[in-house]
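Heads up, the thing below is written out as structure tokens.
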Amino acid sequence: MLDLIILSLHFFICFLISVAIWRGLKDVDLHSSSTGTAEMEPDGLILIGKEDDIKRSQRITAKVNGREIVVFYHEGKFHAMDSRCYHEGGPLCLGEIEDINGQACIICPWHKYKITLETGEGLYEGINPLEPSPTPQWQSKGVKQRIHKVTIDNGNIYVSPPDLSVSFDSDYFADKYKNSGDLAMEK
């Protein structure tokens with residue numbers, strides 16, 4: 001019975017924290033003005049926004065062919081990926097960026113999944129039970145999140161359209177939230 005009470009309290013506190021984060025971030029401009037449909041350039045690249053604007057806001061969300069993507073500016077580099085986490089569709093644009101084992105990772109705000117900005121790999125901390133004194137080490141789940149190639153040209157940030165001939169786990173939620181209107185962040 002005590003376990004049930006503690007578990008219920010844990011979920012209630014997590015809910016309150018999620019609401020506080022969500023409400024607090026509404027006042028912060030994480031989603032610059034480019035939350036509409038991005039424009040296709042003649043060379044096939046898709047204009048996302050101005051380099052200086054994205055550097056200032058550190059991230060921006062946009063629609064590319066109806067698909068939500070997020071572009072991050074972190075430690076002098078631009079990274080783009082599907083904006084919905086491969087696990088359950090959490091809004092990565094609201095996540096924190098942390099250094100994990102020498103790699104910049106976005107932490108999904110819903111379930112704390114860790115995804116590298118560079119490759120889209122999912123990371124987890126695991127142990128080898130066959131070791132005499134197993135110590136947790138970061139390991140890869142493989143590439144789970146679709147990343148998009150970023151091009152900088154004349155102060156503008158572009159992404160290449162996704163190659164949908166190769167599938168990624170995040171494609172499910174990219175399709176689920178496709179054309180959802182306002183880059184909705186609710187679960």
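Position 1 is the first residue of the sequence, and the numbers go up from there.
No side-chain donor from either of Tyr73 and Gln58 sits under 3.5 Å from a side-chain acceptor of the other. Gln103 and Thr116 share no side-chain donor-acceptor pair at under 3.5 Å. Judged by distance alone, the side chains of Asp153 and Thr151 never bring a donor and an acceptor atom under 3.5 Å apart.
Note on Ile127 and Trp138: separate hydrophobic clusters, where clusters join Ile, Leu, Val, Met, Phe, Trp and Tyr whose side-chain heavy atoms are under 4.5 Å apart, directly or indirectly. No chain of hydrophobic side-chain contacts below 4.5 Å, direct or via other Ile, Leu, Val, Met, Phe, Trp or Tyr residues, connects Phe168 to Leu164. Side-chain heavy atoms closer than 4.5 Å link hydrophobic residues (I, L, V, M, F, W, Y) into clusters, and following such links, even through other members, never connects Ile107 to Leu94. The hydrophobic clustering, which links ILVMFWY residues whose side-chain heavy atoms are closer than 4.5 Å, places Tyr172 and Trp110 together.
Shortest non-hydrogen contact noted between Gly90 and Cys108 is CA-SG, 3.8 Å. When all heavy atoms of Pro134 and Asn128 are compared, the closest pair comes out as CB-O, 3.4 Å. The nearest pair of heavy atoms linking Cys93 to Arg59 is O-NH1, 2.9 Å. Across all their heavy atoms, Leu45 and Ser160 have their closest contact at CD2-OG, 3.5 Å. Residue Leu117 comes nearest to Ile97 through the heavy atom pair CD1-CD1, 4.0 Å, listed as atom of the first residue, atom of the second, then distance. Heavy atoms only, all atoms of each residue included: Asp53 and Arg56 are closest at OD1-NH2, 2.7 Å.
Residues Asp82 and Gln145 meet the side-chain proximity criterion, which asks for heavy atoms closer than 4.5 Å. When side chains are defined from C-beta on, Leu92 counts as touching Cys85, because their heavy atoms get closer than 4.5 Å. Side-chain atoms of Ile46 and Tyr158, non-hydrogen and from C-beta on, never get closer than 4.5 Å to each other. In this structure, the side chains of Ile115 and Leu123 stay at 4.5 Å or more apart for every pair of heavy atoms. Put simply, the side chain of Ile69 reaches to within 4.5 Å of the side chain of Ile48, judged on heavy atoms.
Of the residues Arg67, Lys144, Lys176, the one that meets the salt bridge (charged side-chain N to carboxylate O under 4.0 Å, His left out) test with Asp171 is Arg67.
Atom-to-atom distance recorded for His79:NE2 and Glu118:CD is 5.5 Å, nearest 0.5 angstrom. Remark: His74 NE2 to Glu98 CD distance equals 10.0 Å, nearest 0.5 Å. Taken to the nearest 0.5 Å, the CD1 atom of Ile147 stands 7.0 Å off from the CE atom of Met81. Between the CD1 atom in Ile152 and the CD1 atom in Ile157 there is a gap of 4.5 Å [rounded to 0.5 Å]. The distance from the CZ atom of Phe173 to the CD atom of Glu88 is 6.0 Å, given to the nearest 0.5 Å. Atom CD of Gln139 is separated from atom CG of Asn101 by 10.0 Å, given to the nearest 0.5 angstrom.
Between Tyr113 and Tyr86, a ring centre-to-centre spacing shorter than 6.0 Å is recorded.
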Quiz prompt | Derivation of the side chain to side chain contact (heavy atoms under 4.5 Å, CB included) call for Val159 and Val64 | solution = CA-CA 9 Å; Val159 296; Val64 173; 4.0 Å; yes
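A salt bridge does not link Lys178 to Glu68: none of the charged side-chain nitrogens sits closer than 4.0 Å to a carboxylate oxygen.
Panel note: side chain Ser170, backbone Arg146; a donor-acceptor pair is recorded below 3.5 Å.
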